[in-house]
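Presented below is the structure to which this report refers.
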Amino acid sequence: MGGILIYFLLIALVPLWAQMRVKSAYQKYSKVASSNGYSGAEVARRILDQNGLFHVKVLETRGMLSDHYNPMSKTVHLSSNNYHGHSIAGAAIAAHEVGHAIQDKENYSFLKIRHAIVPVANIGSNFAWILLLIGIFTQLSGMFLLGIILMSAGVIFQLVTLPVEFNASSRAMDQVVSLGLIRNNEERQAKKVLNAAALTYVAAAAVAIIELLRLILIYTGMQRNN
């Protein structure tokens, strides 16, 4: 019983800790103005234009840390603070989202794979636990196995997300430095923001893998009992 409690605390606290890290880093460096004084929207626009992505629009969106790139509409969405702000954090996040737009332009393989498995991952996240619970209560191991297979799609999605996000951050740092959007002495601060953000994806992937392994162990136990 104690082991189970520790397990559930672990998978609940690890993502929470990662979220706290990214919020802490963002709050700290969103108060540090970049020396060159570019807003997040200006940073995004400069990088997009430099890479020939004149058709990609930069839009303001609501919410805190709601920044994202939409490959369907070819739009970079920046939260209000980052869109208008002139901080190191805003510049780093804007550049990161444009990194995804560059990946899209170059047909970056992991981004294509991630887009391809989104529908399956969504189905998996919606129905896997239903099948798993039915499998447990009815002791139908086949139903439980089907739930594991559906959940695996979500785990694969989490794993494929890692190189996508790390690559976008790497591209972001290359662009903001080479274009002079931030100064060299600000690079370390921008990296801290992006590294903290990347930690949330690592935590999510780690929890997803651990949970999948636990379910596989339960399945093997069901097989032994049958």
Side-chain angles (χ1 to χ4, degrees), residues 18-108 110-112 114-115 161-204:
Q19 286 292 336
M20 289 174 64
R21 284 286 304 273
V22 70
K23 285 183 179 177
S24 173
Y26 177 76
Q27 287 174 352
K28 179 177 180 179
Y29 292 108
S30 64
K31 296 173 183 172
V32 180
S34 66
S35 300
N36 290 333
Y38 291 109
S39 69
E42 290 170 329
V43 168
R45 187 72 268 160
R46 285 283 301 273
I47 300 174
L48 287 168
D49 292 348
Q50 190 66 27
N51 287 274
L53 294 168
F54 305 105
H55 62 289
V56 176
K57 294 181 179 177
V58 182
L59 304 175
E60 182 180 358
T61 190
R62 293 181 179 178
M64 181 182 178
L65 295 177
S66 54
D67 313 77
H68 63 281
Y69 168 68
N70 186 331
M72 302 300 291
S73 59
K74 308 297 182 190
T75 47
V76 171
H77 297 257
L78 299 179
S79 55
S80 297
N81 282 345
N82 294 332
Y83 186 93
H84 296 288
H86 300 76
S87 67
I88 294 290
I93 290 172
H96 173 90
E97 298 308 331
V98 175
H100 289 307
I102 298 172
Q103 290 174 337
D104 190 17
K105 173 193 173 187
E106 297 179 354
N107 289 318
Y108 179 61
F110 284 107
L111 185 68
K112 289 176 67 178
R114 187 171 77 166
H115 289 166
T161 292
L162 295 179
V164 173
E165 296 300 328
F166 281 113
N167 180 265
S169 291
S170 175
R171 290 172 187 265
M173 292 309 306
D174 290 343
Q175 294 286 327
V176 291
V177 172
S178 63
L179 296 177
L181 299 172
I182 62 172
R183 293 184 177 171
N184 289 338
N185 62 340
E186 297 168 331
E187 184 178 349
R188 188 164 171 267
Q189 297 168 330
K191 276 184 179 177
K192 283 186 177 181
V193 175
L194 296 181
N195 288 343
L199 196 60
T200 61
Y201 296 102
V202 174

### Message
Using side-chain contact (heavy atoms from CB on, under 4.5 Å), reason through Ile47 and Leu53 one step at a time and then give a plain yes or no.
### Response
CA-CA 8 Å; Ile47 300 174; Leu53 294 168; over 6 Å; no
Hey, could you give me the [atom1]/[atom2] distance between [X] and [Y], rounded to the nearest 0.5 Å?
X      : Y      : atom1 : atom2 : value
Gln27  : Leu65  : CD    : CG    : 8.5 Å
Ser30  : Met64  : OG    : CE    : 7.0 Å
Leu181 : Asn36  : CG    : CG    : 7.5 Å
Met72  : His115 : CE    : NE2   : 9.0 Å
Lys112 : Asn107 : NZ    : CG    : 4.5 Å

### Query
What residue pairs, at least two apart or across chains, pass ring pair (Phe, Tyr, Trp, His ring centres under 6.0 Å) with a residue in residues 18-46?
none
### Task
Using the test side chain to side chain contact (heavy atoms under 4.5 Å, CB included), find all partners of Asp49 that sit at least two apart in sequence or belong to another chain.
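For Asp49 the side chain to side chain contact (heavy atoms under 4.5 Å, CB included) partners, ignoring immediate neighbours, are Arg45, Phe54.
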## Note on the structure
side chain to side chain contact (heavy atoms under 4.5 Å, CB included) filter on Thr75, not counting sequence neighbours, yields Lys57, Leu59, Asn70, Ser73, His77
Least distance between heavy atoms, [X] atom then [Y] atom:
X      : Y     : value
Glu186 : Ala33 : OE2-O, 4.1 Å
Lys28  : Val32 : O-CG2, 3.6 Å
Gly63  : Ser79 : O-CB, 3.0 Å
Glu97  : Asp67 : OE2-O, 3.4 Å

### Message
Is it the case that over 12 heavy atoms from other parts of the model lie below 6.0 angstrom from the NZ atom of Lys105?
### Response
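Above 12, so yes.
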Listing, residues 191-203 side-chain donor-acceptor contacts under 3.5 Å, not counting sequence neighbours, or none:
from: Asn195; atom 1: ND2; to: Lys191; atom 2: O; distance (Å): 3.3
from: Thr200; atom 1: OG1; to: Ala197; atom 2: O; distance (Å): 2.5

Identify all side-chain donor-acceptor contacts of residues 83-92 below 3.5 Å with residues at least two apart in sequence or on another chain.
from: His84; atom 1: NE2; to: Glu60; atom 2: OE1; distance (Å): 3.1
from: His84; atom 1: NE2; to: Glu60; atom 2: OE2; distance (Å): 3.3
from: His86; atom 1: ND1; to: His84; atom 2: O; distance (Å): 3.4
from: Ser87; atom 1: OG; to: Gly90; atom 2: N; distance (Å): 2.9

### Task
Return yes if some donor-acceptor pair links the side-chain N/O of Asp104 with the main-chain N/O of Lys74 below 3.5 Å, else return no.
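Absent.
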### Task
Kindly indicate whether the side chain of Asn184, heavy atoms from C-beta on, has any atom under 4.5 Å from the side chain of Val177.
yes
#### Entry: CA sep, side-chain torsions, deciding dist, call: Val98, Val56, side-chain contact (heavy atoms from CB on, under 4.5 Å)
CA-CA 9 Å; Val98 175; Val56 176; over 6 Å; no
### Task
Kindly assign one of parallel, tilted or perpendicular to the pair His96 and His100, based on the angle between their ring planes and the thresholds 30° and 60°.
perpendicular
### Task
Not counting sequence neighbours, list each pair that qualifies as a side-chain hydrogen bond (donor to acceptor under 3.5 Å, both in side chains) and has a residue in residues 171-180.
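Pairs touching residues 171-180 that pass the test: Asn51-Gln175, Glu106-Arg171, Asn167-Arg171.
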